[in-house]
Participant: 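This is the structure I want to talk about, given as structure tokens.
In what follows, every chain begins at residue 1, and chains take the letters A, B, ... in the order their sequences are listed.
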Amino acid sequence: MAQQVYDLPCDGEGTCMACKNKPTAEESLTCKTCATPWHITCLSVPPNSLADTLQWDCPDCSLLSANPVPVSGAGESSSSGSLITAICAIETDSSLTEREKAKRRQQLLCKDAGPSDRKEVTNSDDNLLSILDGLNCSFCMQLLERPVSTPCGHNFCLKCFTKWIGQGKRNCANCRKEIPPKMARLPLINSTLVTVIRIAKMAKANAAVGTSRDYPVIRNEDRPDKAFSTERSVKSGNANAASGKIFVTTPMDHFGPILPENDPMRNQGVLVGETWENRFECRQWGVHNPHISGIAGQSKHGAQSVTLSGGYEDDEDHGEWFLYTGSGGRDLSGNKRTNKEHSFDQQFENSNEALRLSCRMGYPVRVVRSHKEKRSSYAPEKRLRYDGIYRVEKCWRKTGIKGFKVCRYLFVRCDNAPAPWTSDVHGDRPRPLPIIEELNVAIDITERMESPSWDYDEEKGCWMWKKPPPSSRKRANYGRSEEGKRTKKVKRQAQNKSIKEKLLKECSCYICKKVMTSPLTTPCAHNFCKSCLEGAFAGQNFVRQRTCEGRRTLRAQKNIMKCPSCSNDIAEFLQNPQVNRELMEVIESLQREIAKENKESKEEADGIHEKAKGVDVSNEIVEEAQENNLKGQIESEIQKTEKLKKTSGKCTQKRGRKKGSTSCKQLDDGKNVVDPSEPEKAASEELQDPVAESKV
DNA sequence: GGGCCCGCAGGG
DNA sequence: CCCTGCGGGCCC
């Protein structure tokens, strides 16, 4: 084979690797793409003009631009050259923000992520992806496809490598070290890398089809005392907050008052007239669970509580009784959570049906009034206030103010404690139902036929359960599916961990069977620890170094220097074995990740929260409770009412501004878009039998 | 003060 | 897994 001329650049010290001289500044030429310095006089094709030197591409870069290497598995042409052009186009686009540019660049580099945002994945999934990033081919910048490893420890796609060789190159594209003729003739696939990439790809695909509920789920006991914003949340404060800890032991679907036995923190239960800053706090004391919805209830179980927040203009508040409007009938398209405009008829379904069930059964319904109800004299000036137990005496449908049918409920108070607005020292007595004029035009009227579950006991002189309350279907202190979601999360974490551990196991040394330290990839594409492989030939090393030894001895030694895995001669490789740094980095990343996850799971077990800071909101209330315990029940109620008036005056609503806080909201719009990963799958399939294919 | 936005949580 | 929702923050 005729000797070919290869262009070589200058090394890190500025010495030309071809002539071994150090070119002067005038003799040196820098590539516009890769910024590598080259010696002009040693170039086989020097630039024609001075203008050319300014926009000069080195032989390697111009080669890649002129002969694009097909992107493996993607089914389309790309190259580092066109990639660079595309990146430049993004960088110079003034209409894009920095964040948008970063996003476009990422999309460009991860073609398989599709046109939309990549599906949001958990941190551990992201880490798996970043580990994969370390295994990109230096030619095509894509994840290694049928990886081949040079003895100098660099990895390339088989296609890219053979193309490079086909162009007459016999040096490593990364370090310029010579490629053994045998490898140039028949490059072998590094099966360890294949397995590692395949497992990681499968993990990535699994992550991509995960649900949008992949964010961490926190058990009640681990939640902080106040609502907190999660990592996911774009807005600060309570705008998109997660709920704080539930302080009471009542299950979510508990009917009736929150009693002292359900209040381990204060041992007093929730008293009429208690107030809270917001819906989250109200929820934490078990009074009204949903943090937006006005009705808490289940259609087949009944409604436990309602909130009067002025959200429905048909509401009519008379203190001891009020007319409540059902939910629904409003257009919530466009990602709205509420809407003041009615646009279609309400039906007795979902929470409306739950309230109707409570009406039929005569269940006690907790009532909360909000300062947002501006038309009522009975609403608190500030905050939210618990006003006690009411019963739904009747319900019906009528045409609302906006002309659409609404569900209507007559609530009548039936609590043993006096209402916050009354000067009475005793609670309610059974009272005749008010006359409701709109009942004359009402449809679908429902009245209770059987005796109510919650009723007044004349003998005992108080309201109480006359029938056993409906048995709870929920666990105390837990959301409906929180337990399930938690199990799911733990399962996914364990799965991810096992993937990483599996990956690491794949990186074990043939000799010591342990995870490789400083991995060496032989020309026969087998991987060993540097120390293991060198140790295996320790005796020969000494002889081999003595090159003046006789021919017979050397040959005998060379025969012994066989790959422990496939018995190929690796004597030459052992003369100057180079660590496969990319593989080493993958191994180290995996080890770091596993260690980190172990640490995190330990911390989680210890109940540590980074972002959400636990704030003890209860001290004041506990002191209050202790004080109250010394006095009679009625006295404490009066005190409570007085305190309510004071706190109402003191309360100020925070209304700060944060500049540019919503500037990045568009980035989150694609959060539910699932990565199709089609090219990925194709690539995985092609990887099924890489060795066999490569030998064809 | 109106309007828009969107994470969270529960229902079904 | 999709739908619903009488919140809360921030911009205009």
Side-chain angles (χ1 to χ4, degrees), chain A residues 120 209-218 220 223 227-244 246 252-253 276-284 288-301 303-315 317 324-342 346 349-354 367-376 379 384 406 473-474 478-482 484-485 488 653-669 671-672 674:
Chain A
E120 193 166 320
V209 296
T211 70
S212 60
R213 300 274 180 180
D214 273 351
Y215 49 86
V217 173
I218 308 166
N220 185 60
R223 286 178 179 269
F228 59 98
S229 54
T230 62
E231 292 292 339
R232 257 175 73 95
S233 184
V234 174
K235 289 181 184 173
S236 59
N238 286 340
N240 293 314
S243 167
I246 307 294
M252 203 183 61
D253 56 353
W276 304 280
E277 176 69 33
N278 51 42
R279 290 286 290 267
F280 281 108
E281 278 188 21
C282 177
R283 169 190 155 84
Q284 287 178 274
H288 186 73
N289 212 35
H291 68 264
I292 295 180
S293 179
I295 303 166
Q298 305 79 36
S299 58
K300 291 192 170 70
H301 195 57
Q304 296 85 29
S305 56
V306 295
T307 302
L308 286 96
S309 291
Y312 286 82
E313 55 191 344
D314 291 292
D315 287 2
D317 194 359
Y324 195 73
T325 312
S327 64
R330 303 188 294 189
D331 175 28
L332 297 180
S333 62
N335 211 10
K336 290 190 281 288
R337 299 293 175 268
T338 58
N339 185 348
K340 284 183 181 172
E341 294 299 312
H342 277 238
Q346 288 183 356
E349 55 189 18
N350 302 329
S351 52
N352 293 350
E353 178 59 19
V367 170
V368 174
R369 280 186 175 82
S370 163
H371 67 95
K372 288 186 171 184
E373 174 54 276
K374 299 295 181 195
R375 300 161 303 155
S376 167
L384 287 132
V406 289
R473 305 182 307 172
K474 314 281 178 189
Y478 276 96
R480 177 187 60 84
S481 57
E482 199 153 296
K485 282 192 279 187
K488 212 169 164 185
Q653 208 179 351
K654 286 173 201 162
R655 219 172 161 78
R657 284 186 188 203
K658 199 175 168 187
K659 198 181 173 188
S661 68
T662 54
S663 60
C664 56
K665 57 183 179 283
Q666 290 302 323
L667 281 171
D668 292 323
D669 287 349
K671 64 182 182 295
N672 287 326
V674 176

Participant: Output the rounded distance in Å from CD (A/Gln298) to C1' (B/dG12).
Facilitator: 11 Å
Participant: Is a side-chain donor or acceptor of A/Gln346 paired with a backbone partner of A/Gly328 at a separation under 3.5 angstrom?
Facilitator: yes
Participant: When you look at NZ of A/Lys300, are more than 12 heavy atoms from neighbouring residues, nucleotides or ligands closer to it than 6.0 Å?
Facilitator: no
Participant: For A/Asn278, check side-chain hydrogen bond (donor to acceptor under 3.5 Å, both in side chains) against everything at least two apart and list the hits.
Facilitator: none
Participant: Suppose we screen for side-chain hydrogen bond (donor to acceptor under 3.5 Å, both in side chains). Which residues come up paired with A/Glu373, at least two apart in sequence or across chains?
Facilitator: A/Arg375
Participant: May I have the distance from A/Lys336 (atom NZ) to C/dG7 (atom P), rounded to whole angstrom?
Facilitator: 17 Å
Participant: Tell me what A/Thr325 touches on the nucleic acid: a base, only sugar-phosphate, or nothing, going by heavy atoms under 4.0 Å.
Facilitator: base
Participant: Is the phosphate of B/dG10 approached by A/Arg283 (side-chain N or O, under 4.0 Å from OP1 or OP2)?
Facilitator: yes
Participant: Rounded to whole Å, how long is the line connecting atom CG of A/Leu332 with atom P of B/dG3?
Facilitator: 15 Å
Participant: C/dG5 phosphate, OP1 or OP2: any side-chain N/O from A/Ser327 under 4.0 angstrom?
Facilitator: yes
Participant: Taking for each residue the nucleotide of DNA chain B with the nearest heavy atom, is it A/Gly334 or A/Gly244 whose nucleotide lies nearer the 5' end?
Facilitator: A/Gly334
Participant: Do the side chain of A/Arg279 and the main chain of A/Leu384 share a donor and acceptor less than 3.5 angstrom apart?
Facilitator: no
Participant: Quick one: is C/dT4 close enough that its OP1 or OP2 comes under 4.0 Å of any side-chain N or O from A/Ser351?
Facilitator: no
Participant: For A/Arg369, which residues count as a salt bridge (Lys or Arg N to Asp or Glu O under 4.0 Å) partner, sequence neighbours excluded?
Facilitator: A/Asp317, A/Asp387
Participant: Considering only B/dG10, C/dG7, B/dG11, which nucleotide approaches the side chain of A/Lys372 most closely?
Facilitator: C/dG7
Participant: Can you measure A/Ile295 atom CD1 to B/dG11 atom P for me and round it to whole angstrom units?
Facilitator: 13 Å
Participant: To the nearest Å, give me how far apart CG (A/Leu384) and C1' (C/dC6) are.
Facilitator: 10 Å
Participant: Go ahead and write out DNA chain C as dot-bracket, 5' to 3': ( ) for pairs within the strand, [ ] for ones crossing earlier pairs, | when the partner sits on another strand, dots for unpaired; Watson-Crick or G-U wobble, both distances under 3.5 Å.
Facilitator: |||||.||||||
Participant: Any idea which of C/dG5, B/dC6, B/dG12 is nearest the A/Asn240 side chain?
Facilitator: B/dC6
Participant: Report yes if at least one side-chain N or O of A/Arg279 is closer than 4.0 Å to OP1 or OP2 of B/dA9; otherwise report no.
Facilitator: no
Participant: Would you say A/Arg283's side chain and A/His291's backbone share a donor-acceptor pair under 3.5 angstrom?
Facilitator: no
Participant: Just compare C/dC6, C/dG9, B/dG11 and give me whichever is closest to any side-chain atom of A/Asn238.
Facilitator: C/dG9
Participant: A/Ser293 near the nucleic acid: base, sugar-phosphate alone, or nothing, with a heavy-atom cut-off under 4.0 Å?
Facilitator: sugar-phosphate
Participant: Between P on B/dG3 and CD on A/Glu341, what's the gap in Å once rounded to a whole number?
Facilitator: 9 Å
Participant: Restricting to side-chain contact (heavy atoms from CB on, under 4.5 Å), what partner residues turn up for A/Ala239, sequence neighbours left out?
Facilitator: A/Lys235
Participant: Counting the atoms with a prime plus P, OP1 and OP2 as sugar-phosphate, which does A/Asp315 contact under 4.0 Å by heavy atoms, base, sugar-phosphate, or nothing?
Facilitator: base
Participant: So what does A/Ser370 hit on the nucleic acid, given a heavy-atom distance under 4.0 Å: a base, only sugar-phosphate, or nothing?
Facilitator: nothing
Participant: Check the distance between B/dG11's C1' and A/Asn289's CG and give it to me in whole angstrom.
Facilitator: 12 Å
Participant: Could you tell me the separation between the CZ atom of A/Arg232 and the C1' atom of B/dC6, rounded to a whole number of Å?
Facilitator: 10 Å
Participant: Any idea which of B/dC6, C/dC6, C/dG9 is nearest the A/Lys235 side chain?
Facilitator: C/dG9
Participant: From the list C/dG8, B/dG12, B/dG10, which nucleotide is the closest neighbour of the side chain of A/Asn350?
Facilitator: B/dG12
Participant: Taking 4.0 Å as the cut-off, does a side-chain nitrogen or oxygen of A/Arg223 come that near to OP1 or OP2 on B/dA9?
Facilitator: yes
Participant: Tell me what A/Ala241 touches on the nucleic acid: a base, only sugar-phosphate, or nothing, going by heavy atoms under 4.0 Å.
Facilitator: sugar-phosphate
Participant: Side chain of A/His291 only, heavy atoms from C-beta on: which candidate in C/dC6, B/dG10, B/dC8 is closest?
Facilitator: B/dC8
Participant: Mind checking what makes side-chain contact (heavy atoms from CB on, under 4.5 Å) contact with A/Ala303, not counting sequence neighbours?
Facilitator: A/Ile295, A/Ala354, A/Leu355, A/Ser358
